[in-house]
Amino acid sequence: MPIHVVADSSAKLAGVRAVLEKRFAVTSELLGGIGVQRSDVSALVVKADLRTVESICTLKKLFGSLSRVRKRIFLIDDTAHLSVSQAYALGATNVLVGPLNQAKLLAELDDIASRDAQPPDDPRDAQLTASAGEIALASMFSAVACGTRIDVTSAKNAGSRIADCIDEYGLSKWLATVRNHHEGTYQHCLLVTGLAIDFGLSLGVPKNDIERLYMAAMFHDIGKATIPLAVLDKPGRLDDQERALIETHPAAGYDTLKDTKGISAEVLDAVRHHHEYLDGSGYPDGLCAESIHDIVRMLTISDIFAALIERRTYKQPMSRQAAYDILCGMNGKLERPLVAAFKDIALTR
Ligand SMILES: [Fe+2]
Ligand SMILES: [Fe+2]
């Protein structure tokens, strides 16, 4: 599988090449240097500091000529959300954060090689819609990280496109497309959005409520923009301190959005309460059944299911049946008739 490497220093270029050359055919170029002939590249690996305007502008130009490369992996040294958001905004399909991790990078590329061996099955429209959704999410997360204005209209447009896409191709195609092409928190938010929309459509909820559902789903984890990626993307168990930090995200999301124009009271409520359970054991407010509204209940079910079926480099996605069985086992926490109604979404649609 031919791979093209781009870096902003000779040392970085040599470091990445040394890892990849043992297994792949590698071409490379220095950012801002003389372009090289690159044909039939299967994946692009970029290692550059995305905090400098110069790097960003040069990468933008470069991506114009490499837009057809389906997999674009960015290696980011600093753990700032801003750099990760910037990578996605430039067109990254995968972002690996922290010091160069050989095993992780090779696992990503092997994963690409094995998926390339299968015939592509995702409709182009679904891929474009998912990319637009990811760019909207990246811009929302970077706005929170920078303290700038959140673009509510882009999120709304992305949600509306996802609703159209699910209507046209069905939920399963959406889930497959997102899991094939997207990573981490953005993959999660795109999955939750698709599931929540399909849940709403299957129950025949009015158009206004579908819009509330997809807005709530797009924004529900925005509070995670304040949590370090090392904690968010940690494989394996979190310690008590890390868990406590993660549990700040619904209230942080609420605080971020509460003065944002265009965010309705229902969406705000869903962002704050999507981890509440009917039996009062959830967070941040320990609400009980009567205080948890329908949209929030639907979002919570979609959220848990999405987290279970996500694809991560370090873990196999759970099957839809196994994930649904877990929902069914959450006695007293989720509304039974809603979980029953979700069966069709979870297993069939
Ligand atoms: Fe959450
Ligand atoms: Fe979530």
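As a basis for the values below, the full set of heavy atoms in this structure was taken, side chains included, without hydrogen atoms, waters or symmetry mates. From a predicted model like this one, the values you see are computed outputs, not experimental measurements. First listed ligand is number 1; within each ligand, the first listed atom is number 1.
The OD1 atom of Asp221 and the NE2 atom of His275 meet at the Fe ion (ligand 1) at an angle of about 170°, given to 10°.
With respect to the Fe ion (ligand 2), Asp303 has OD1 as its nearest N, O or S atom. If you look at His274 and ask which of its N, O or S atoms sits nearest the Fe ion (ligand 1), the answer is NE2.
Not one N/O/S atom of Cys189, from backbone or side chain, sits under 2.8 Å from the Fe ion (ligand 2). The Fe ion (ligand 1) does not have His220 among its coordinating residues (no N/O/S atom, backbone or side chain, under 2.8 Å). For residue His188, an N/O/S atom approaches the Fe ion (ligand 2) to within less than 2.8 Å.
Taking the centre of each ring, His273 and His293 stay at or above the 6.0 Å mark.
No single ILVMFWY cluster, assembled from side-chain heavy atoms under 4.5 Å apart, contains both Leu191 and Tyr169.
Formation of a donor-acceptor pair under 3.5 Å by the Trp174 side chain with backbone atoms of Leu190 is found in this model.
By the 6.0 Å contact criterion, NZ on Lys333 is enclosed, its count of non-hydrogen atoms from other residues, nucleotides or ligands being greater than 12.
Summarising the geometry, atom CD1 belonging to Ile309 is positioned 13.0 Å from atom CD1 belonging to Ile304; distances are rounded to the nearest 0.5 Å.
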